[in-house]
Amino acid sequence: MLAKAGLEAKKTRAALEALLKEAGQVRIDKIAALESLDAKRRGILFEVEQLKAERNKASQEIAKKKAAKEPADEILARMKEVSDRIKGFDEQVAAVDRELDDLLLGIPNVPHASVPLGCGEEDNPEVRRHGEPGAMAFAPKDHVDLGAALGILDMDRAAKLTGARFSVLAGDGARLERALWTFMLDLHREKHGYLELLPPFMVNSTSMRGTGQLPKFEADLFKLANTDYYLIPTAEVPLTNYFAGEILPEAALPVKFCGFTPCFRSEAGSYGKDTRGLIRQHQFNKVELVKFAHPDKSYEELEGLTADAEQVLQRLGLPYRVVTLSSGDMGFSAAKTYDLEVWLPSQKRYREISSCSNFEDFQARRANIRFKGDAKGAKPAFVHTLNGSGLAVGRTWVAIVENYQDGNGRVAVPEVLRSYLGGKTHLEPSKPLG
RNA sequence: GGAGAGAUGGCUGAGUUGGUCGAAAGCGCUCGACUCGAAAUCGAGUAGGGGCCCGAAAUGGUCUCUCGAGAGUUCGAAUCUCUCUCUCUCCGCCA
């Protein structure tokens with residue numbers, strides 16, 4: 001799949017050489033293997049195409065002879081042999097393609113030059129802050145206690161219905177969640193120029209491969225029994241694969257999508273982490289932003305996308321900061337990532353609420369998404385893909401409930417949300433079920 | 001779930017005794033002629049991917065692959081066989 005889409009050996013080589021310069025990421029063996037496989041592929045291709053040319057020519061001759069009722073037995077015999085050789089070469093090419101794919105699928109993206117080197121979370125430099133955590137004259141409660149008191153969150157019955165790491169929102173809690181994602185979509189659609197898509201919540205394995213969830217991270221996904229379908233862990237998967245295998249007109253770039261979906265994650269390996277409340281769930285809601293950008297513009301677009309996500313926090317009046325992920329904390333497929341972290345009074349710290357990444361051509365290669373200029377001889381080239389949460393709705397719900405609590409059991413509704421909640425200014429304790 | 005029909009270039013649509021078919025025709029689009037200008041008319045061009053060659057680059061040259069996807073038969077497949085995907089029609093079921 002990848003090899004057929006064109007390996008672009010020079011580009012790959014340059015990228016891999018860049019990898020070599022990264023501290024602690026020596027991959028000489030992989031580069032050598034890639035190069036030799038690529039050379040091998042071209043060599044075989046050259047041979048087999050010559051044979052095919054011979055066969056095509058002979059085919060015409062045979063047709064002519066047959067039409068003239070002349071015998072063509074010796075050409076036929078000769079071509080049978082040529083045909084066998086072609087078959088052999090074709091199989092070799094297919095085998096090399098498979099090897100190349102296996103190799104390429106296992107190589108993580110190369111961090112952009114501006115990404116700070118580091119070992120993990122503790123090395124992520126802060127880029128900027130916005131807003132001040134409000135000084136509270138009382139001990140802030142966390143969203144679980146507040147939610148229970150307000151009658152808007154029910155963890156116990158969710159556990160009964162399904163299991164751990166699920167939740168039920170009730171009454172104004174459900175309404176608040178719905179208001180949030182509607183507000184987010186309206187903002188991105190009206191003010192930021194994104195096209196709203198409502199995609200399937202499950203996709204096939206090809207799509208999962210396109211954005212990089214497969215083959216390496218199958219354990220993080222929920223798969224539907226007896227099918228090739230997976231529940232999406234993020235709308236990034238359907239929104240990015242939307243153009244898989246296509247060539248976009250250059251003039252259409254950048255293409256900007258926003259979409260709301262539930263997200264499903266098995267959270268394998270996170271046992272004991274964030275076990276309380278809504279922070280880490282198997283199912284949560286998210287509004288996602290996705291861009292397909294010209295390679296020359298993708299880092300500008302990343303800044304813009306991050307700013308678009310920040311707008312949500314600013315308009316909701318939530319204090320947050322932006323950090324750049326260091327090389328050691330970055331995901332498998334990203335070239336550069338900014339995390340937005342919102343202030344949570346109950347934890348007295350900033351927690352991730354959005355992750356905005358430029359994948360450069362990493363996903364575009366896997367999903368084979370290209371663009372082409374209008375000029376006559378223009379060659380297709382891979383687009384750059386970007387995405388970011390704008391925002392994770394559940395965590396935004398948490399941030400609002402915690403940051404807007406007034407100490408008397410009430411929670412103020414941010415100005416921009418009131419029209420979505422029938423003008424309501426506060427959430428007050430109530431028992432929706434009597 | 002049952003029965004049947006289909007998938008061809010930007011679009012519509014020919015092609016089904018396998019052989020100069022990557023493909024008729026029409027529409028659309030581009031350029032040119034006519035016109036003060038436009039319409040109409042006339043003429044020419046017009047699928048895409050990949051490799052290689054020439055070149056600073058563009059233009060260009062050449063080979064190859066692609067008629068939903070994959071496999072097969074054959075010297076040769078849009079045309080024959082198998083599997084899969086999708087679309088449409090009828091029946092059943094259902095929000």
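Lettering of chains follows the sequences in order, A, B, ..., and the numbering in each one begins at 1.
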Any-strand Watson-Crick or G-U partner of B:U79, both distances under 3.5 Å: none
Pairwise C1' distance for B:C53 and B:G32, with rounding to whole Å: 33 Å
Whole angstrom value for the distance that separates P of B:C52 from CD1 of A:Ile44: 14 Å
Length of the CD-P vector between A:Gln60 and B:G18, whole Å: 19 Å
Whether A:Phe292 and A:Phe257 hold their rings parallel, tilted or perpendicular, with breakpoints at 30° and 60°: perpendicular
Length of the line joining A:Glu54:CD and B:U64:C1', which is rounded to integer Å: 14 Å
Whole angstrom value for the distance that separates C1' of B:G49 from CD1 of A:Ile369: 17 Å
Distance, C1' atom - from B:G1 to B:C75, rounded to whole angstrom: 46 Å
Any A:Asn56 side-chain N or O less than 4.0 Å from OP1/OP2 of B:U64: yes
Donor + acceptor pair across side chains of A:Ser355, A:Asp339 (<3.5 Å): yes
Euclidean distance, atom CD of residue A:Glu49 to atom C1' of B:G50 [Å, nearest integer]: 8 Å
Rounded distance in Å between the P positions of B:G48 and B:U30: 16 Å
Touch class at under 4.0 angstrom, heavy-atom based, for A:Lys57 against every strand present: nothing
Base-pairing mate for B:C29 - Watson-Crick or G-U, with both contacts under 3.5 Å: B:G45
Strand partner of B:C52, provided both Watson-Crick or wobble distances fall under 3.5 Å: B:G61
A:Arg42 CZ to B:U64 C1', straight-line distance once rounded to whole Å: 15 Å
Within residues 151-163 of chain A or reaching into it, pairs that qualify as side chain to side chain donor-acceptor pair (under 3.5 Å) - sequence neighbours excluded: A:Asp154-A:Arg157
List the atom pairs, donor and acceptor, that lie under 3.5 Å between side-chain atoms in residues 221-247 of chain A and the rest of the protein, sequence neighbours left out.
from, atom 1, to, atom 2, distance (Å)
A:Thr227, OG1, A:Leu224, O, 2.8
A:Thr227, OG1, A:Tyr229, N, 3.0
A:Asp228, OD1, A:Ser205, OG, 2.9
A:Asp228, OD2, A:Ser205, N, 3.3
A:Asp228, OD2, A:Ser205, OG, 3.1
A:Tyr230, OH, A:Glu218, OE2, 2.8
A:Thr234, OG1, A:Glu236, N, 2.9
A:Thr234, OG1, A:Lys286, NZ, 2.8
A:Glu236, OE1, A:Asn387, ND2, 3.4
A:Glu236, OE2, A:Gln363, NE2, 2.8
A:Glu236, OE2, A:Asn387, ND2, 3.4
A:Thr240, OG1, A:Glu236, O, 2.8
A:Asn241, ND2, A:Ser207, O, 2.8
A:Asn241, ND2, A:Thr211, OG1, 3.4
A:Asn241, ND2, A:Val237, O, 2.9

Any-strand Watson-Crick or G-U partner of B:U87, both distances under 3.5 Å: B:A5
Phosphate contact (B:A58 OP1 or OP2) by A:Lys379 side-chain N/O below 4.0 Å: no
Qualifying residues under side-chain hydrogen bond (donor to acceptor under 3.5 Å, both in side chains), relative to A:Arg280, sequence neighbours excluded: A:Glu267, A:Asp274
Proximal nucleotide (of B:C65, B:G19, B:U73) relative to the A:Lys52 side chain: B:C65
A:Leu45 CG to B:C53 P, straight-line distance once rounded to whole Å: 13 Å
Close side-chain approach of A:Leu325 to A:Val115, heavy-atom, < 4.5 Å: no
Residue list, side chain to side chain contact (heavy atoms under 4.5 Å, CB included) with A:Gln314, at least two apart or on another chain: A:His130, A:Glu310, A:Gln311, A:Tyr320
Options B:U20, B:G49, B:C52, nucleotide nearest the side-chain atoms of A:Pro380: B:G49
Nucleotide B:G72, atom P - distance to CG of A:Asp84 in whole Å: 13 Å
Anything under 3.5 Å between a protein N or O and an N or O of nucleotides 67-69 of chain B, put it in a table, one pair a line.
none

Nucleotides 75-83 of chain B: protein proximity per nucleotide (B base, S sugar-phosphate only, - neither; heavy atom, under 4.0 Å): BS-------
Set of side chain to side chain contact (heavy atoms under 4.5 Å, CB included) partners for A:Glu250, sequence neighbours left out: A:His294, A:Phe371
Salt bridge (Lys or Arg N to Asp or Glu O under 4.0 Å) partners of residues 49-65 of chain A, not counting sequence neighbours, each pair once: A:Lys52-A:Asp90
Pairs flagged by side chain to side chain donor-acceptor pair (under 3.5 Å) wherever residues 296-307 of chain A is involved - sequence neighbours left out: A:Lys291-A:Glu301, A:Ser298-A:Asn358, A:Ser298-A:His384, A:Tyr299-A:Glu360, A:Glu303-A:Tyr338
